[in-house]
Number of protein chains: 2
Amino acid sequence: MVILMNYSKQRELILNTLKENVVHPTAEYLYGKIKEKDPKISLATLYRNLNQLSDNGIIKKIDGLEPSSHFDHNTHEHYHFICEKCKRVFDISADIAPDLIKKTENSTGFEIQSHDIVFTGICKECKSKQ
Amino acid sequence: MVILMNYSKQRELILNTLKENVVHPTAEYLYGKIKEKDPKISLATLYRNLNQLSDNGIIKKIDGLEPSSHFDHNTHEHYHFICEKCKRVFDISADIAPDLIKKTENSTGFEIQSHDIVFTGICKECKSKQ
DNA sequence: ATATAAAATGAGAATTATTATCATTTATGG
DNA sequence: CCATAAATGATAATAATTCTCATTTTATAT
């Protein structure tokens, strides 16, 4: 039997800190938060763990906010909205696109393993401030 | 009156080369192709133009294939599928998710300016080779 | 318990995609 | 043809992420 991940204090801390955050933080932001609790933790450890956790489907990497990736502890099917003004990332319910996988697999013959939808625009709050 | 973009030989070459490519190339791949025709062209010129063209909606930047962005000359509404095996990027018809914008704007109150769907999985060809 | 092997860490160097700088060249509109 | 704005080429700079490697921690079998 193959062991995928051994326990580590650092990984637990990283995952817990990510879960506490309503926002979808970058590695850099997370690093700041994590160092408050473990000032000796290395940036390499953070990146290593974020990659492992997302490779194993425990967290999700969000692209589309270059130059840095954002991370999401919510693995329930849902999508993202990035506000161009305040740069915050909002969750969007998966209800907006029912049967997306099935439809796409049927029309292409491809096997779909994962998918993400990223919307950009102006959020409600920023729109009312204009 | 504000001029957005002046003509340049280099930009024309970049856009034409992108249009010739069925694949959705990275800047690096494009640079190779473009240098065959204009060996003196600078990498900075390529990046500058790719950014300008995508800022003006003439081409599209595709995220989700880190560490480098890919570029797409097709600006008709469509989505992308990335094969995990062969790493090719395929176009997916927008028919799979009708009224996506309208539904999302209605349920969130956000103003949506753009959106992209990226699927990952195994393409038909790679699946049959397994 | 203890030994052993596999996995994880910390620190910092290395990598690499992309952007910035700046002097020179090219395009545009009167 | 002139003035101005925009674009280029060459290269330096930036910054996010990965790699290296010696040391420490974790899991497992005896």
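Quick note on labels: first sequence line is chain A, next is B, and so on, each numbered from 1.
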Is there a side-chain contact between B:Asn74 and B:Asp91 in this structure, where contact means two heavy atoms from C-beta onward sitting under 4.5 Å apart? yes
Any non-hydrogen side-chain atom of A:Ile96 less than 4.5 Å from a side-chain atom of B:Leu100? yes
Side-chain N,O (B:Asn51) to OP1/OP2 (C:dT18) below 4.0 Å: no
Respond yes when some side-chain nitrogen or oxygen of B:Tyr47 is under 4.0 Å from OP1 or OP2 of C:dT19, and no when none is.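 Looking at the OP1 and OP2 atoms of C:dT19, neither is under 4.0 Å from any side-chain N or O of B:Tyr47.
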Considering only nitrogen or oxygen atoms on both sides, find all protein atoms under 3.5 Å from nucleotides 7-10 of chain D and state each distance.
{"residue": "D:dA7", "atom": "OP1", "partner": "B:Asn6", "partner atom": "N", "Å": "3.2"}
{"residue": "D:dA7", "atom": "OP1", "partner": "B:Arg11", "partner atom": "NH2", "Å": "2.8"}
{"residue": "D:dA7", "atom": "O3'", "partner": "B:Ser8", "partner atom": "OG", "Å": "3.3"}
{"residue": "D:dT8", "atom": "OP1", "partner": "B:Ser8", "partner atom": "OG", "Å": "2.6"}
{"residue": "D:dT8", "atom": "OP1", "partner": "B:Asn49", "partner atom": "ND2", "Å": "3.4"}
{"residue": "D:dT8", "atom": "OP2", "partner": "B:Asn49", "partner atom": "ND2", "Å": "3.2"}
{"residue": "D:dT8", "atom": "O3'", "partner": "B:Gln10", "partner atom": "NE2", "Å": "2.9"}
{"residue": "D:dG9", "atom": "OP1", "partner": "B:Gln10", "partner atom": "NE2", "Å": "3.2"}
{"residue": "D:dG9", "atom": "OP2", "partner": "B:Ser42", "partner atom": "N", "Å": "3.1"}
{"residue": "D:dG9", "atom": "OP2", "partner": "B:Thr45", "partner atom": "OG1", "Å": "2.6"}
{"residue": "D:dG9", "atom": "N7", "partner": "B:Arg48", "partner atom": "NH2", "Å": "3.1"}
{"residue": "D:dG9", "atom": "O6", "partner": "B:Arg48", "partner atom": "NH1", "Å": "3.2"}
{"residue": "D:dA10", "atom": "OP1", "partner": "B:Lys40", "partner atom": "NZ", "Å": "2.5"}
{"residue": "D:dA10", "atom": "OP2", "partner": "B:Lys40", "partner atom": "O", "Å": "3.4"}
{"residue": "D:dA10", "atom": "N7", "partner": "B:Ser42", "partner atom": "OG", "Å": "3.4"}

Round to the nearest Å and state the distance from [X] atom [atom1] to [N] atom [atom2].
X: A:Tyr31; N: C:dG12; atom1: OH; atom2: P; answer: 10 Å
X: A:Leu13; N: C:dT9; atom1: CG; atom2: C1'; answer: 13 Å
X: B:Glu12; N: C:dA27; atom1: CD; atom2: C1'; answer: 14 Å

Compute the angle between the rotation axes at the two ends of the helix from C:dA1-D:dT30 to C:dG30-D:dC1, each taken over five pairs, rounded to 10 degrees. 50°
Sequence neighbours left out, what passes side chain to side chain contact (heavy atoms under 4.5 Å, CB included) with [X]? Give chain and number order.
X: A:Lys37; result: A:Leu13, A:Thr17, A:Glu20
X: B:Ser8; result: B:Gln10, B:Arg11
X: B:Tyr29; result: B:Asn21, B:Val23, B:Pro25, B:Thr26, B:Lys33

Apply side-chain hydrogen bond (donor to acceptor under 3.5 Å, both in side chains) to B:Glu111 and list each qualifying residue two or more places apart in sequence or on a separate chain. none
Which residue pairs satisfy the side chain to side chain donor-acceptor pair (under 3.5 Å) criterion with at least one member in [range], sequence neighbours excluded?
range: residues 117-129 of chain A; result: A:Arg88-A:Glu125, A:Thr120-B:Ser114
range: residues 50-67 of chain A; result: A:Asn51-A:Lys61
range: residues 94-110 of chain A; result: A:Ser93-A:Asp95

Heavy atom of residues 61-70 of chain B under 4.0 Å from DNA chain C: which residues?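 Residues of residues 61-70 of chain B that come under 4.0 Å of DNA chain C are, in numerical order, B:Pro67, B:Ser68, B:Ser69.
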Which residue pairs satisfy the ring-ring contact (aromatic ring centres under 6.0 Å, His included) criterion with at least one member in residues 47-79 of chain B, sequence neighbours excluded? B:His78-B:His80, B:Tyr79-B:His115
Does B:Phe81 have any ring-ring contact (aromatic ring centres under 6.0 Å, His included) partners at least two apart in sequence or in another chain, and if so, which? A:Phe110
